[in-house]
Protein chains: 2
Amino acid sequence: MTVLYLEDLVPGRRFAGGTRIRIEESRIKSFAAEFDPQPFHLDQAAAGSSIFQGLAASGWHTASVTMRLLVDSEFKPAGGIVGAGFDELRWPLPVRPGDELHVESEVLEVRPSKSRPGQGLVKVRTTTLNQDGKAVQIFTGNLVVRRRPGVTQKV
Amino acid sequence: MTVLYLEDLVPGRRFAGGTRIRIEESRIKSFAAEFDPQPFHLDQAAAGSSIFQGLAASGWHTASVTMRLLVDSEFKPAGGIVGAGFDELRWPLPVRPGDELHVESEVLEVRPSKSRPGQGLVKVRTTTLNQDGKAVQIFTGNLVVRRRPGVTQKV
């Protein structure tokens, strides 16, 4: 496992997700019961007549699973994956019981910090795909990443 | 409980969150173990030397708790709270063990859909505050909300 510093991240660099997570119906319902108790996340019958036309995972469940897939992926920035905020978060398709999700990430921008010389911001787009290769979530986040030790002194 | 249609939502209308949720250290750690297993969310000692300078909830935990607070709030749009996507999601301050969170929401924009006459998009900013009244999360989302039945025929 290679830890990545700001200097290792360049626009266009891609990272594959190593693992897949299967979304079980029971976890869709238990996650929703705690965090998003709306009928279309809790009950098959009620979900059928909703905008989702069937049971669908809470978007926050999908986002949380995506974070797990990202932490387990090849993308290992120094200091961890620390989000400063997001530019975009969309759920183009619902996540259904039995779906198997994986992620792909791409670096879009790298900016050394002016006020904090030891770190920078990296804009990364992470796409969460289902077993058919269709995007169920797209998010573009700005992450805080450390510069390589020693580099800051030289610049 | 009054269900709100697109016509009921006007820019500037605010909704208070009725409940508070206390974030327990054990739940910070168990959420992180499942969805965001990084040292600063799992272990006090490791968290002390991280960017968070102490144990902090995963941002996705905060986002999920915020959703629960929103579902339990006065904001009850017809068809449920269904996010089409987000314009902004930020975590200005870490959430610490023992913090008590609540939400406040404000309608920013209302747009009837051109392609789907029975619904529209409502831009809502939801701020999650801790017991000191400080914002720990700000998110601005675009929600799909139904028009009042009968109104579409008249327009």
Side-chain angles (χ1 to χ4, degrees), chain A residues 21 27 30-43 46-47 49-52 56-72 76-92 94 116 118-119 137-146, chain B residues 21 27 30-43 46-47 49-52 56-72 76-92 94 116 118-119 137-146:
Chain A
I21 292 178
R27 192 67 187 106
S30 63
F31 188 99
E34 183 175 2
F35 295 120
D36 193 352
Q38 303 194 87
F40 35 72
H41 302 316
L42 290 167
D43 180 77
S49 59
S50 76
I51 191 170
F52 296 106
S58 168
W60 303 108
H61 187 183
T62 304
S64 298
V65 167
T66 296
M67 186 66 198
R68 177 57 189 258
L69 289 165
L70 196 57
V71 170
D72 289 347
K76 306 280 187 202
I81 300 175
V82 177
F86 294 91
D87 289 347
E88 182 189 30
L89 175 58
R90 291 191 288 125
W91 297 290
R116 297 188 180 190
Q119 64 187 49
Q137 180 181 289
I138 297 167
F139 85 87
T140 305
N142 296 294
L143 306 177
V144 179
V145 180
R146 291 188 192 155
Chain B
I21 293 178
R27 191 68 188 105
S30 64
F31 188 99
E34 183 175 3
F35 295 119
D36 193 352
Q38 302 195 87
F40 36 71
H41 302 316
L42 290 167
D43 180 77
S49 59
S50 76
I51 192 170
F52 296 106
S58 168
W60 303 107
H61 187 183
T62 303
S64 298
V65 167
T66 295
M67 186 66 196
R68 176 57 189 258
L69 289 164
L70 196 57
V71 170
D72 290 347
K76 305 280 185 201
I81 300 174
V82 177
F86 295 91
D87 289 346
E88 182 188 31
L89 175 57
R90 290 192 288 127
W91 296 292
R116 298 189 180 189
Q119 65 187 48
Q137 180 181 288
I138 297 167
F139 86 86
T140 305
N142 296 295
L143 307 177
V144 180
V145 180
R146 290 187 193 157

Practice prompt. With a 4.5 angstrom heavy-atom cut-off, could you sort out which part of Ala33(B) is near chain A: side chain, backbone, both or neither?
Written response: backbone
Practice prompt. Quick one: closest heavy-atom pair of Trp91(B) and Gly83(A), and the distance?
Written response: CE3-O, 3.9 Å
Discussion item. Taking side chain as everything from C-beta outward and backbone as N, CA, C, O, which of these in Glu34(B) sits under 4.5 Å from a heavy atom of chain A? Side chain, backbone, both or neither.
Written reply: both
Response to the item:
Assert top hit (heavy-atom pairs under 4.5 Å, partner chain B, pool Leu69(A), Thr66(A), Val71(A)) equals Val71(A)
Worksheet item: With Arg90(B), which residues qualify under salt bridge (charged side-chain N to carboxylate O under 4.0 Å, His left out), at least two apart?
Response: Glu88(B)
Discussion item. If I measure from the heavy atoms of chain A, does Arg27(B) come under 4.5 Å with its side chain, its backbone, both, or neither?
Written reply: side chain
Item to complete: Not counting sequence neighbours, which residues clear salt bridge (charged side-chain N to carboxylate O under 4.0 Å, His left out) with Arg68(B)? List them please.
Response: Asp72(B)
Discussion item. If I compare all heavy atoms of Ile81(A) with all of Phe40(B), which pair ends up nearest, and what's the gap?
Written reply: O-CZ, 4.2 Å
Fill in: Top of Gly79(B), Gly141(B), Gly85(B), Ser64(B) for chain A proximity - count of heavy-atom pairs under 4.5 angstrom
Ser64(B)
Discussion item. Taking side chain as everything from C-beta outward and backbone as N, CA, C, O, which of these in Val65(A) sits under 4.5 Å from a heavy atom of chain B? Side chain, backbone, both or neither.
Written reply: both
Item to complete: Taking the six-membered ring for Trp and the full ring for Phe, Tyr or His, determine whether the centres of Phe31(A) and Trp60(B) are under 6.0 Å apart.
Response: no
Item to complete: Would you give the length of the straight line joining atom CG of Asp87(A) to atom CZ of Phe86(B), rounded to the nearest 0.5 angstrom?
Response: 14.5 Å
Fill in: Interface residue of largest heavy-atom contact number with chain B, from Ser50(A), Ala63(A), Pro37(A), under 4.5 Å
Pro37(A)
Worksheet item: What distance separates Met67(B) CE from His61(A) NE2, expressed to the nearest 0.5 Å?
Response: 14.0 Å
